[in-house]
Protein chains: 2
Amino acid sequence: MGEERLSREAILTTALRIVDDEGIDALTMRRLAATLEVNPMSLYHHLPNKAAVLAGLAELVFAGLELPDPGDAVPWQEQLKDAARAYRNALRAHPNLALQVLSDTSAVSEVVVVVVEPFYRALDRGGLSPRQIFEAVNTIIDFIHGFALGETSVRSETFDLAPDLLTRVQDLPAGKAPTLARVVGELGPEGLAYDFDSGFESGLTVLTAGIAAGVRRGR
Amino acid sequence: MGEERLSREAILTTALRIVDDEGIDALTMRRLAATLEVNPMSLYHHLPNKAAVLAGLAELVFAGLELPDPGDAVPWQEQLKDAARAYRNALRAHPNLALQVLSDTSAVSEVVVVVVEPFYRALDRGGLSPRQIFEAVNTIIDFIHGFALGETSVRSETFDLAPDLLTRVQDLPAGKAPTLARVVGELGPEGLAYDFDSGFESGLTVLTAGIAAGVRRGR
DNA sequence: GTACATAAACATACAGCGTATGGAAAGGAG
DNA sequence: CTCCTTTCCATACGCTGTATGTTTATGTAC
């Protein structure tokens, strides 16, 4: 049977569709084979095992990743933020896969090499030393990973933390977390309504300011 | 059989030991029951299903979490860093469980309420507005989560990224990532040797500097 | 002491999983 | 035509979580 009804690429494409549509738990070898109208064991001719399928998915997602480089026309801080936004968007593109990608060490390091150049470009223009650049990029990428972790393990676009957090804080033994209680109280329910986009932006603001401060201080 | 040979607590304690010793994959209901010298189905009298076991583990880990509050003797920046270090250490205490905890939304929000007060205390002393505090804490916690994600999905205490990253960078098509290539080259292999502790510290430095900058600017 | 209610532990069984093994089928090469 | 290689399929094994029904041991009431 030299004719190939199956291919690594076709398998991964179908797998990605299953994950996108029904979540990571819906992806089983049997289910994948059924969708391709093929015997489960046929998959093992193109991919050695299920772990390879998952790794392949991570690869597939980031293979098509194009980072729009804003160029050197804008200030380096803005260039840095744009790189961060693009990377966050890449992690958001397949939310059901994000956790898998993030927790797969090899996928992360693969991705990081691909994605990291715009960060380095921006920070190099900012006048940081190689060591500073290296550490700043690690920091900002860790932030994006942590943010994506919270963002992708939740359904709604604008997730309202308010009721939950307010309730929890009020249920705490009095005096256990006084500052938290007071600050949350001053914010009020509408102040606590959490929007991922603006949360991400304020994180970027803090990070770029911190990096810039390190440069100014000449550290 | 009114006598209880089993209890929720005993089950979770044993489960935690299995996870710590042999990893999250080694924790199956059958294995857990065998370790307790009990029939698998007996577990279901104390916990409704396996997900409840995992959630219980997250709870268990953070129930014993005591955050040493450095008090107000030190500058608020140092107080903030200490809170961050303590939280990171909590996530490191059971590395095999960290990813599970981080990816479990309810565990995270549980944890965050418990853990967050020292952060709020420090930033309140720093003179930030409620809104600034809220956003700064989210940012720093996202950073810690992302850092922990990278840190706990890797074995060795001091993981040497150098050979991998260097190789990858050198294998890239020439001109694809020129800044990255140059900076990495200037750093050299010994400059790339990555130490998690100092990586975490430099992240904290950037973050506190960025937060302080926001305060100074009166935003 | 004896009957009963209750809770805990057990035995069995089922559907689903990843995948090892070995055989069938369909081309291309000599 | 024969053989070889590659792809695909059928079967099966050991494992998973857990639904279902039964047995057993205890605390309580009479």
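Convention: sequence-line order gives letters A, B, ...; per-chain numbering from 1. This structure is a prediction, so every number in the text was calculated from the model and none was measured.
- As a whole-Å value, the separation of B:L43 CG from D:dG17 P is 10 Å.
- A salt bridge links B:R85 to B:E201: at least one charged side-chain nitrogen sits closer than 4.0 Å to a carboxylate oxygen.
- In this structure, CG of B:D25 is placed 11 Å from P of D:dT16, rounded to the nearest angstrom.
- Per the geometry, CG belonging to A:L32 stands 16 Å off C1' belonging to C:dG16, to the nearest Å.
- When each of C:dT19, D:dT20, D:dC9 is scored by its nearest atom to the side-chain atoms of A:Y44, the top-ranked nucleotide is C:dT19.
- Side-chain contact between B:I140 and A:V206 is absent, with no heavy atoms from C-beta onward closer than 4.5 Å.
- The distance from atom CD1 of B:I11 to atom P of C:dA8 is 11 Å, rounded to the nearest whole Å.
- Nearest nucleotide to the B:H46 side chain, out of D:dT18, C:dA8, D:dA10: C:dA8.
- In this entry the distance linking CG of B:L54 with P of D:dT16 reads 14 Å, nearest Å.
- Side-chain nitrogen and oxygen atoms of B:H45 include none within less than 4.0 Å of the OP1 or OP2 phosphate oxygen of C:dA9.
- The interatomic distance linking A:L47 (CG) with C:dT19 (P) rounds to 11 Å, in whole Å.
- With distances taken from any side-chain atom of A:L6 to the nucleotides D:dC8, C:dC10, C:dG18, the minimum falls on D:dC8.
- As rounded to whole Å, 12 Å separates atom C1' of C:dG16 from atom NZ of A:K50.
- For the pair A:L6/A:H45, no side-chain contact is recorded, criterion being any heavy-atom separation below 4.5 Å from C-beta on.
- Side-chain polar atoms of B:R17 and B:T13 form no donor-acceptor pair below 3.5 angstrom.
- Atom CE in A:M41 sits about 8 Å away from atom C1' in C:dT21, given to the nearest Å.
- The shortest distance between the side-chain N/O atoms of B:S42 and the OP1/OP2 oxygens of C:dA8 is not below 4.0 Å.
- For the pair A:N39 and D:dC8, the criterion of a side-chain N or O lying under 4.0 Å from OP1 or OP2 is not met.
- In this structure a side-chain-to-backbone donor-acceptor pair under 3.5 Å is missing from B:K176 to B:V169.
- At a cut-off of 3.5 angstrom, the base of C:dG16 holds no donor-acceptor pair with the side chain of A:R30.
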